[in-house]
Each structure stands twice: as structure tokens, then as C-alpha cells.
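From a predicted model like this one, the values you see are computed outputs, not experimental measurements. Index from 1, following the sequence.
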Amino acid sequence: MSTTHRPSNVPRWLLRAALGTASALAILQVVGWLTSAPQVGRFRSADDRDAYEAAYREAFATMPTPTNTFDIPTSFGTVRAYEWSNPHSAGAPVVLLPGRGSGVPMWSDNLPSLLEHRTIYALDALGDAGLSAQSVPLTSTADQARWIDEALTGLDITRAHIVGHSFGASSGAALAVNRPDRIATLTLLEPAFVLGWPPLDVLAWAVPASLPFLPQSWRDAAIVRIAGEQPTDTDLDDPVVRMITRGGTGYFASLPTPRPLSDDQLRGLTMPVHVAIADGSPVTSGQRSIERAALIPDIESRIWPNTTHSLPMQVAEPLAAELADFWARHDT
């Protein structure tokens, strides 16, 4: 990994967006090529685990102190979860599901604004980088829904406002299809694969961007192509960037490949759904995703201007206000 730093005119969310997109898409492909049967996710080495956890802890330290920390047993392993209580909120809590290769600290820019409105829970995804510990392979989207459902039971949550980013949105969609009774509302932020396949060129460039054995210059060039911009340096001063980098290249994830929801599945979603799409995203294809989301009976959707796949951190405060209104209108 290069030790040079991000130029001052390159916003950190752009680097996070490119790294997160590369990690999410490349892990999906490479695991499918190299394995013939589902496996349990793991770090590739003790050094990778230690570096990831150090960045995780540093990023987590910038967040408000959680009210409670939980390690919840499920059928597929132990899920790390955190609670931030808002005693002034009487509505259903919010549950955050992170993107691929990251972990709860990816929400560090969002949590303060969200916490003003609701009690917040955040989960490290099972079978992915984070402090959750997988013990049984996940073989289907129904399994993805099951571990979330069991984690909610362990947290004594009957119904929640589910918010997922990127592949976290695909996990939220799996829960919506398989356990809709758990969901007060569903928010899909830059949902990877939920509303359609990413473009083939993005899938192709994501592979070299996340293969740890390739020269850093090759990986940097691929990240530039994914981001659609010109940064070539990784900002190692940003612990979230370091966390996503180590999660993407240092963690071996063996997870079921998400597939876009069918037209019938979209029409069958019974809960209110909010979809946020970035106008500069390499993953969600803008207006095409909005058109597919229109099949959902109770849908609110929006394309955010001047944003990319890291939309949640780019528009943290206005997004929190918009979601607070959405949740308040659907608490019954």
C-alpha cells in the first residue's frame, strides 16, 4: 500500500466511494471464481486482521460513545451490534446495515445527525469484515435475512426502520422479501444489485482494484476508473479509508451473490420504501434505478445531485432530516 497522502483538493468521500465500490464488487466476483463451495469468511492473515481492527477502533473512537455493545449469537455466528439510545424518541428504532468490506464505523459521518431523531442500532455484517464472527456458511439471501432477523430478536427489536448502504441495502432487501414483518420502513442508499446489475465495465475494473497481490499502481489506476475522477493516492490519515482498504483486500468473504429483485418481488414489498440514488454513482445507473423502484407500491425515491456511491457521508445532514420525516410519517 502506498504511503503517500491524498491531495488536498480530493475529498475523502471520493476515495471512500472508490475503495468501497471496488471492495464490494471485486470481492463478490473473486470469491465466486476461486471457491466451489460456500465457506466461512476470514481475514487472510493475522496482520490483515490487526491492521483492519486498528483502523476500525480509530474510526469508531470518532463516533459518539454507544449506550450498549452486544455480541449476539445467531445460527450463522456472533453478530457485533451497538446501540445509541435517544430517550426523546418514541418511535421505532433505526437499524443500520453497512456496505461490503467496511463495518459500523462507515457510519461515523452519519451517526450524529441520525441520533438527533431516533435510537440507532448498527450491525457489523456477518460473513464480512467487522467484529462479527461467522461460524456457518451463508448460502442464500434467505440466510442473509435470517441472521439479521435473529440479531433483531437478540436486541429485543420487534420492528425497525432498516437502513442499508450498498451491499447493506441488498441485505435489507433480503430481509424485506423474507421477513417483511420486521420492517417498519426500508431505506436503500445506493443499493448495490437491488434494482439492477452494475455496468460491465465497473465489474471489470473492480477486480484489479481489490486483488491484494497486484502492484499498487495497477490497483490505483483501477480505482481511478471506478471513481470516474483522477485521485491516485490513498489517504492513510483517514481511518475509514484504511478500514475499507483492509476490509476489501484483507478479508476473504464467501457470501451469496445478490441478484436484482424481480418485478414481482418489487411489487410485493409491503412496507414503505425510500430509495436514494447518486447522480455520479458507478453502481446504480441513476434514472434506470428510479424507474425500477417505481414498481414498489409505497415508494419515495430521489436522485441526489453531485454525489457518488458514498452518498450517505456526502449528504449526511440533509439525508438525516429527510429520513427523519420519512420515519415519522410511517411509525404506525
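A donor and an acceptor atom, one from each side chain of S281 and E190, are located under 3.5 Å apart. Remark: the R100 side chain and the S166 side chain contain no N/O donor-acceptor pair separated by less than 3.5 Å. Counted by atom type alone, H274 and T187 present zero donor-acceptor pairs between their side chains at under 3.5 Å.
Counting only residues at least two apart or in different chains, ring-ring contact (aromatic ring centres under 6.0 Å, His included) contacts with residues 99-124 are absent.
Aromatic ring centres of H165 and H309 lie closer together than 6.0 Å.
Using the six-membered ring where Trp is involved, Y52 and F43 have ring planes that are tilted, between 30° and 60° apart. A tilted orientation is assigned to the rings of W84 and Y82, their planes being inclined by 30° to 60°.
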With side-chain contact (heavy atoms from CB on, under 4.5 Å) as the test, would you mind laying out the steps for L123 and L155 before giving the verdict? CA-CA 11 Å; L123 313 181; L155 292 168; 4.0 Å; yes

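Put simply, I299 and L295 are part of the same group of oily side chains (I, L, V, M, F, W, Y) that touch within less than 4.5 Å, one to the next.
A salt bridge links R329 with D325: the closest approach of a Lys/Arg side-chain nitrogen to an acidic carboxylate oxygen falls below 4.0 angstrom. Under the 4.0 Å criterion applied to side-chain N and carboxylate O atoms, R159 and D181 are not assigned as salt-bridge partners.
Other residues, nucleotides and ligands contribute over 12 non-hydrogen atoms within 6.0 Å of the CZ atom of R302. Atom CD of E317 has 12 or fewer neighbouring heavy atoms from other residues, nucleotides or ligands inside a 6.0 Å radius.
The shortest heavy-atom contact between G286 and I277 is CA-CG2, 3.8 Å. Across all their heavy atoms, A59 and P105 have their closest contact at CB-CB, 3.6 Å.
Exactly one of P66, S108, P239 qualifies for a side-chain contact (heavy atoms from CB on, under 4.5 Å) with F60. That residue is P66.
Side-chain N or O atoms of S102 include one that pairs as donor or acceptor with a backbone N or O of G99 at under 3.5 Å.
Geometrically, R42 engages F252 in a cation-pi contact defined by less than 6.0 Å to the ring centre and at most 45° from the axis.
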